[in-house]
Student: 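Quick one: the structure is below, and I'll ask about it shortly.
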Amino acid sequence: DRHHCSYDEAVALTDVLEEETLLIKEIYRIKDTLAEPDQSVRVLIDSLQRLEYMEISVEALKLTEIGKQVNSLRKHSSKRVRTLVKLLVRG
């Protein structure tokens, strides 16, 4: 029966789901970091750079709403933060 996946396929799917879950947890962690009102510029830059190197699916973007949090920094006093925000928002 074609509808039953093999053990290997099940393991591969589980790995993908675990990876996506870890990615989503990390996105939420970064989102919380970016939301801190008195966050240092250094930490903001590090967090934005982490996002830049992550492969974020459309589903993860929608679920976490990380884009809204990133976009809220577009008028930040730091030019470097603003530049990273523009890079991320344009994708």
Student: Hey, could you give me the OG1/CD1 distance between T64 and I27, rounded to the nearest 0.5 Å?
Tutor: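 Nearest 0.5 Å value for the OG1-CD1 distance: 4.5 Å.
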
Student: If you look at every heavy atom in A35 and Q69, which pair is closest and at what distance?
Tutor: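 Taking every non-hydrogen atom into account, CA-NE2, 3.4 Å.
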
Student: Can you tell if the side chain of K68 reaches within under 4.5 Å of the side chain of N71, non-hydrogen atoms only?
Tutor: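 Answer no - side chains too far apart.
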
Student: If a pair satisfies side chain to side chain donor-acceptor pair (under 3.5 Å) and one of its residues is in residues 30-39, list it, with sequence neighbours excluded.
Tutor: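 Every candidate side chain to side chain donor-acceptor pair (under 3.5 Å) pair involving residues 30-39 fails, so no pair, neighbours aside, qualifies.
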
Student: For residues V89 and R74, determine if any side-chain heavy atom of one lies less than 4.5 Å from a side-chain heavy atom of the other.
Tutor: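 V89 does not reach R74 side chain to side chain.
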
Student: Can you tell me which residue pairs pass the side chain to side chain donor-acceptor pair (under 3.5 Å) test with a partner in residues 40-51, sequence neighbours excluded?
Tutor: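 The answer is E26-R50, R42-D46.
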
Student: Determine whether L34 and I66 satisfy the following criterion, side-chain contact (heavy atoms from CB on, under 4.5 Å), listing intermediate values before the conclusion.
Tutor: CA-CA 9 Å; L34 297 178; I66 187 68; 4.3 Å; yes

Student: When rounded to the nearest 0.5 angstrom, what distance separates CG in L63 from CD in E20?
Tutor: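 Output value for this atom pair is 8.5 Å.
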
Student: Under the side-chain contact (heavy atoms from CB on, under 4.5 Å) test against I45, which residue among V43, L48, V41 passes?
Tutor: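 Checked V43, L48, V41 against I45; only one passes side-chain contact (heavy atoms from CB on, under 4.5 Å): V41.
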
Student: Check the hydrophobic clustering (I, L, V, M, F, W, Y; side-chain heavy atoms under 4.5 Å; chains of links allowed) and say if L87 and V81 are grouped together.
Tutor: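 Yes, L87 connects to V81 through the hydrophobic network.
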
Student: Roughly how far apart are L51 CG and L84 CG, rounded to 0.5 Å?
Tutor: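 Rounded to the nearest 0.5 Å, the CG-CG separation comes to 9.5 Å.
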
Student: Check whether any side-chain heavy atom of L23 lies under 4.5 Å from a side-chain heavy atom of Y28, and answer yes or no.
Tutor: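 L23 does not reach Y28 side chain to side chain.
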
Student: Quick one: does R82's side chain have a donor or acceptor within less than 3.5 Å of a partner on H76's backbone?
Tutor: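 Yes, R82 side chain to H76 backbone: donor-acceptor pair under 3.5 Å.
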
Student: Starting from L13, walk the hydrophobic network (Ile, Leu, Val, Met, Phe, Trp, Tyr; side-chain heavy atoms closer than 4.5 Å) and list everyone else you reach, by chain and number.
Tutor: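 The other cluster members (ILVMFWY side chains, heavy atoms under 4.5 Å, direct or chained) are L17.
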
